[in-house]
Amino acid sequence: MQEFDKQYYKIKEVAEILEVPQSTVRFWEKEFPTQVKPTRNAHNLRYYRPSDIEKLRIIKYLIKDKGLKIEAARTYLRSNPQNVSKRMLIMDDLTEVRNELAGLLRAIGGRKL
C-alpha cells in the first residue's frame, strides 16, 4: 500500500499514481459515484483524498487486473468491499515478492521469470 504525504491530490497526480490517463480517472469517478467523491474547489477543480485514491486503486484492480466489466465491478464492490481490498493488497505483495525474486535470479545469472 502506498504512503501518502498530502491530504489532497490533483487529478494529474492521481493519474500518475495509478498509471492511467486523467480521462480514465474522470470516467471511473462518473461510473462509481458512491465510491469516489473528490472535493471540488471554487474553480470546480477536483481534489482527491488518499481514501479516494485507494478506492480508485481497487477499481483499477477489478477492471484492469481482474478484467471485470463496469457493472460487474460495481456489484463486486457492493457485495464485499473489504474482501476486494484484501485481495488487492495480497496481489500487490505477491507482485513485489515476484519482482524481488526475479531481480535476485538475474543477479546470480539465472533466466528471467
Can you check side chain to side chain contact (heavy atoms under 4.5 Å, CB included) on I63 and I59, steps first, answer last? CA-CA 6 Å; I63 293 171; I59 291 166; 3.7 Å; yes

Carefully, step by step, assess I70 and F27 under the rule side chain to side chain contact (heavy atoms under 4.5 Å, CB included). CA-CA 11 Å; I70 297 289; F27 177 75; 3.8 Å; yes

V20 vs K60, test: side chain to side chain contact (heavy atoms under 4.5 Å, CB included). Steps then yes/no. CA-CA 9 Å; V20 299; K60 178 185 176 191; 4.2 Å; yes

Show your reasoning for whether side chain to side chain contact (heavy atoms under 4.5 Å, CB included) applies to L45 and I11. CA-CA 8 Å; L45 294 175; I11 191 167; over 6 Å; no

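Stacking of K6 on the aromatic ring of Y9 is recorded, both the 6.0 Å distance cut-off and the 45° axial limit being met.
Heavy-atom minimum distance, Q35 versus K55: O-CD, 2.8 Å. Between P50 and Q7, the shortest heavy-atom contact is CD-O, 3.2 Å. Contact record, H43 with N41: N-OD1, 2.9 Å, taken as the closest heavy-atom pair. Residues P21 and A15 come closest through the heavy atom pair C-CB, 4.0 Å.
A heavy-atom distance below 4.5 Å is not found between the side chains of Y48 and K10. A 4.5 Å side-chain heavy-atom check between Y61 and K66 finds at least one atom pair inside the cut-off. Residues V36 and P38 form a side-chain contact, since some pair of their non-hydrogen atoms from C-beta on lies under 4.5 Å apart.
Between T39 atom OG1 and Y47 atom OH the span is 10.5 Å, to the nearest 0.5 Å. The OG1 atom of T75 sits 10.5 Å away from the CG atom of L62 when rounded to the nearest 0.5 Å. One distance of note links CD1 of I17 with CD1 of I53; it measures 4.0 Å at 0.5 Å rounding. Taking CG of L68 as the reference point, atom CG of L77 lies at 9.0 Å (rounded to 0.5 Å).
Side-chain heavy atoms closer than 4.5 Å link hydrophobic residues (I, L, V, M, F, W, Y) into clusters, and following such links, even through other members, never connects V25 to Y8.
The pair R49-D52 counts as a salt bridge, with a side-chain nitrogen and a carboxylate oxygen less than 4.0 angstrom apart. Look at E71 and R78 and you find a salt bridge, because one of the NZ, NE, NH1 or NH2 atoms lies within 4.0 Å of a carboxylate O, short of that distance. Ion pairing between a basic and an acidic side chain is recognised when a charged N comes within 4.0 Å of a carboxylate O; E31 and K69 show no such pairing. We find that E29 and R46 are joined by a salt bridge, their nearest charged nitrogen and carboxylate oxygen being less than 4.0 Å apart.
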